[in-house]
Protein chains: 2
Amino acid sequence: MTESTSIQGCILLLDDDVDVLGANARFLRISGYSVIVSNTPTTALKQLEEEVIDAVVTDLRMPEMDGLEFAARAREVKPLLPLLFFSAYGSVQNVVAAMQLGAVDFLEKPVAPSLLLERLEDICGDHNEPRLQTRMAFDDAAAPFRHRVLAYEKYLIQTCMQKHNGHVAAVLEELKINRRTLNEKMQRLGIRRKRDAD
Amino acid sequence: MTESTSIQGCILLLDDDVDVLGANARFLRISGYSVIVSNTPTTALKQLEEEVIDAVVTDLRMPEMDGLEFAARAREVKPLLPLLFFSAYGSVQNVVAAMQLGAVDFLEKPVAPSLLLERLEDICGDHNEPRLQTRMAFDDAAAPFRHRVLAYEKYLIQTCMQKHNGHVAAVLEELKINRRTLNEKMQRLGIRRKRDAD
DNA sequence: CAGGCATGAGCAAAAATTTGCCTAAAAGTG
DNA sequence: CACTTTTAGGCAAATTTTTGCTCATGCCTG
């Protein structure tokens, strides 16, 4: 079936080993992602600023700048960007450092393709664009506490709702929230349920 | 240096090896922390509910329930409580799991006392790291609604508090929030006021 | 040291939120 | 269309949060 044609998101792949890079890129493309590759952190950072990217998958060991430093810099540019590490050199310290930088996961090479896909699925499953926009609302430093918290709640619910295509039951499950409460909140926050036309 | 003079906070130590437990407890007490010990996860969980605790330091390998499961349960009770692992069995997977549960760090046994102190300092002391920690918490897509909202509230307050160098009145003003309410929230969220040494 | 702020916290009333129960409307299916 | 599954929302009780009062403590200034 040609269902892999749907747009899954755009992944930035960073690895200094061009063979690995190519193989992974090919694999991800076949799986339906659009992929941008980079074999040096520097170019990757540039691409990060220029392209719309949903997630980054990076190696740890690289010449010029290691994966951690790259991640730190990437964070500055895109604070919410999901980072995924994969490396054969996962010492406890490295892993801790990566996770502290906000990595979603740290996969050990060799990475099972299915695992990588699964992770990316988790990451890109919900959307990135509306997310950032809504984020602006609750990130407005001038607004009073209460407003910001409400904005955040709204953002959370909307995002989740969207992710599950308006399926309330799924939202309940994911957010671990009482059905009645969700109703109330949506009422109060002015969130309306809407399903995508398929 | 006479740094151990100020009240540092209350640490819950969990380790099934009573010798290690005792030694660490003694060490931390000498260093100025108040320490609650536990040699089983179950009692630790109970203590978590009963006592006011600023951070938990736990082993990974334990009979009855491993450190990860303990951490998961602790999270349910205290979603924002700083967790610190230390263990000799730090596989990449374990570390990732621990960090995904929101651990602040994962130290490898044998742990250098100075390192442990340093970490606790980060956690209980100046809210520098905790900020990042909190931020990640509310960005953690897997966490339940309530946790995420709390994490966000904590982040807001901490950030604002830091911005105004611990000046509560200024925070009140900026966040447009009742003084009593702020007190309550700080209490509930485990935020301590901290002014920079000038 | 006295006096004045700034802050933390106990207490209880007031207000808001959460949640179970239940009904009706809406949506999805065959 | 008849039937099943999902949702929204009224109502009231249960629970949690907010907030005013008040007091005690700590800190700063003079």
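Naming convention: chains lettered A, B, ... in sequence-line order (proteins, then strands); numbering from 1 in each chain.
Between the NZ atom of A:Lys46 and the OG atom of A:Ser38 there is a distance of 9.5 Å, given to the nearest 0.5 Å. Within the model, atoms CZ of A:Arg148 and SG of B:Cys160 stand 8.5 Å from one another, a figure rounded to the nearest 0.5 Å.
Here A:Asn178 lies in heavy-atom contact (under 4.0 Å) with sugar-phosphate atoms only. Residue contacts for A:Glu184: at a heavy-atom cut-off of 4.0 Å it reaches a base atom on one of the strands shown.
Here the side chain of A:Val168 is nearest to one of D:dT7, D:dT18, C:dG8, namely D:dT7.
A distance-only check finds no donor-acceptor pair linking the side chain of A:Asn39 to the backbone of A:Leu21 [under 3.5 Å].
Of the side-chain N and O atoms in A:Arg188, none sit less than 4.0 angstrom from OP1 or OP2 of D:dA8. Taking only side-chain nitrogens and oxygens, A:Asn183 never comes nearer than 4.0 Å to OP1 or OP2 of D:dG9.
We find that CZ of B:Arg180 is positioned 5 Å from C1' of C:dA9, with the value rounded to whole Å. For A:Lys185 and D:dA8, the NZ to P distance is 15 Å, given to the nearest whole Å. One atom, CD of B:Gln187, and another, P of C:dC11, lie 13 Å apart when rounded to the nearest Å. In this structure, B:Ile177 places its CD1 atom 13 Å from P of D:dT17, rounding to the nearest Å. The separation between A:Glu173 atom CD and D:dT7 atom P is 13 Å, rounded to whole Å. For the pair B:Leu172 CG and D:dT19 P, the computed distance is 11 Å after rounding to whole Å. With rounding to whole Å, A:Leu182 atom CG is found 16 Å from D:dT6 atom P. A straight line from CZ of B:Arg146 to C1' of D:dT16 spans 10 Å, rounded to a whole angstrom.
Smallest separation of non-hydrogen atoms from B:Leu68 and B:Asp66: N-OD1, 3.0 Å.
Each of A:Ala169 and B:Thr181 lies near DNA chain D, and the nucleotide nearest A:Ala169 is the one positioned closer to the 5' end.
For D:dG20, its base never sits under 3.5 Å from the side chain of B:Arg179 at any donor and acceptor pair.
Look at B:Lys109 and B:Asp15 and you find a salt bridge, because one of the NZ, NE, NH1 or NH2 atoms lies within 4.0 Å of a carboxylate O, short of that distance.
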